[in-house]
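Read the numbers this way: they start at 1 and go in the same order the structure lists the ligands and their atoms.
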Amino acid sequence: MKSTLAALVLTMTAAPAAYAQEMTVTKADSLEGQIGAAETFTGTAYVAPVFGANVHDVSAGHVTFLPGARSAWHTHPAGQQLVVTSGTGWTQERNGEKHIIQAGDVVWCPPGVEHWHGATDTTSMSHYAIQAKVDGSAVAWGAQVTDEEYHGH
Ligand code: MN
């Protein structure tokens, strides 16, 4: 037990030297986004970077969907976490039920599961989107979500 503790302390104190790098603080006002591309979004979605691919190839963005806006159908090769930060939206996987998501809700989209996410038809919704790259890509885009699919159940 004593040697295990000692080894643990050694490991912990050795870590900073082994990874001698400085912390990075990115100021909020430098994280400017843009309106989501018409090929991959319906309506107005504002997509802003949060952090780029880190050493684990994980990146994050913050997306705000105006009422009626949603992503196209898509999949993520390593899955995706969504953390809703404000408003009320909808998300749905192919052949699944449409879920209502609200501020504070957390969504896990498993690898390869086709889905979309967006606002409801009457409310806006913002979420963090966190995903990892596989072979250089974190998303594979498909067809737009039709109005019929969007308004369905
Ligand atoms: Mn997604």
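- Heavy-atom contacts from other residues, nucleotides or ligands closer than 6.0 Å to CD1 of Ile100 number 12 or fewer.
- For Thr64, the side chain to side chain contact (heavy atoms under 4.5 Å, CB included) partners at least two apart in sequence or on another chain are Tyr46, His62, Ser126.
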Could you pull out all donor-acceptor pairs under 3.5 Å where a side-chain atom in residues 128-137 meets a protein atom, sequence neighbours excluded?
{"from": "Gln131", "atom 1": "OE1", "to": "Gln80", "atom 2": "NE2", "distance (Å)": "2.8"}
{"from": "Gln131", "atom 1": "NE2", "to": "Ser59", "atom 2": "O", "distance (Å)": "3.3"}
{"from": "Gln131", "atom 1": "NE2", "to": "Ser59", "atom 2": "OG", "distance (Å)": "3.3"}
{"from": "Gln131", "atom 1": "NE2", "to": "Ala129", "atom 2": "O", "distance (Å)": "3.4"}
{"from": "Ser137", "atom 1": "OG", "to": "Val139", "atom 2": "N", "distance (Å)": "3.4"}
{"from": "Ser137", "atom 1": "OG", "to": "Val139", "atom 2": "O", "distance (Å)": "2.9"}

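- For the Mn ion (ligand 1), the N/O/S atoms of His117 include one lying under 2.8 Å.
- Nearest N/O/S atom of His76 with respect to the Mn ion (ligand 1) is recorded as NE2.
- For His115, the N, O or S atom with the smallest separation from the Mn ion (ligand 1) is NE2.
- For the Mn ion (ligand 1), the set of nearby N, O or S atoms under 2.8 Å includes one belonging to Gln80.
- Tested against Trp116, the residues Arg94, Gln144, Glu149, Lys98 include a single side-chain contact (heavy atoms from CB on, under 4.5 Å) partner, Lys98.
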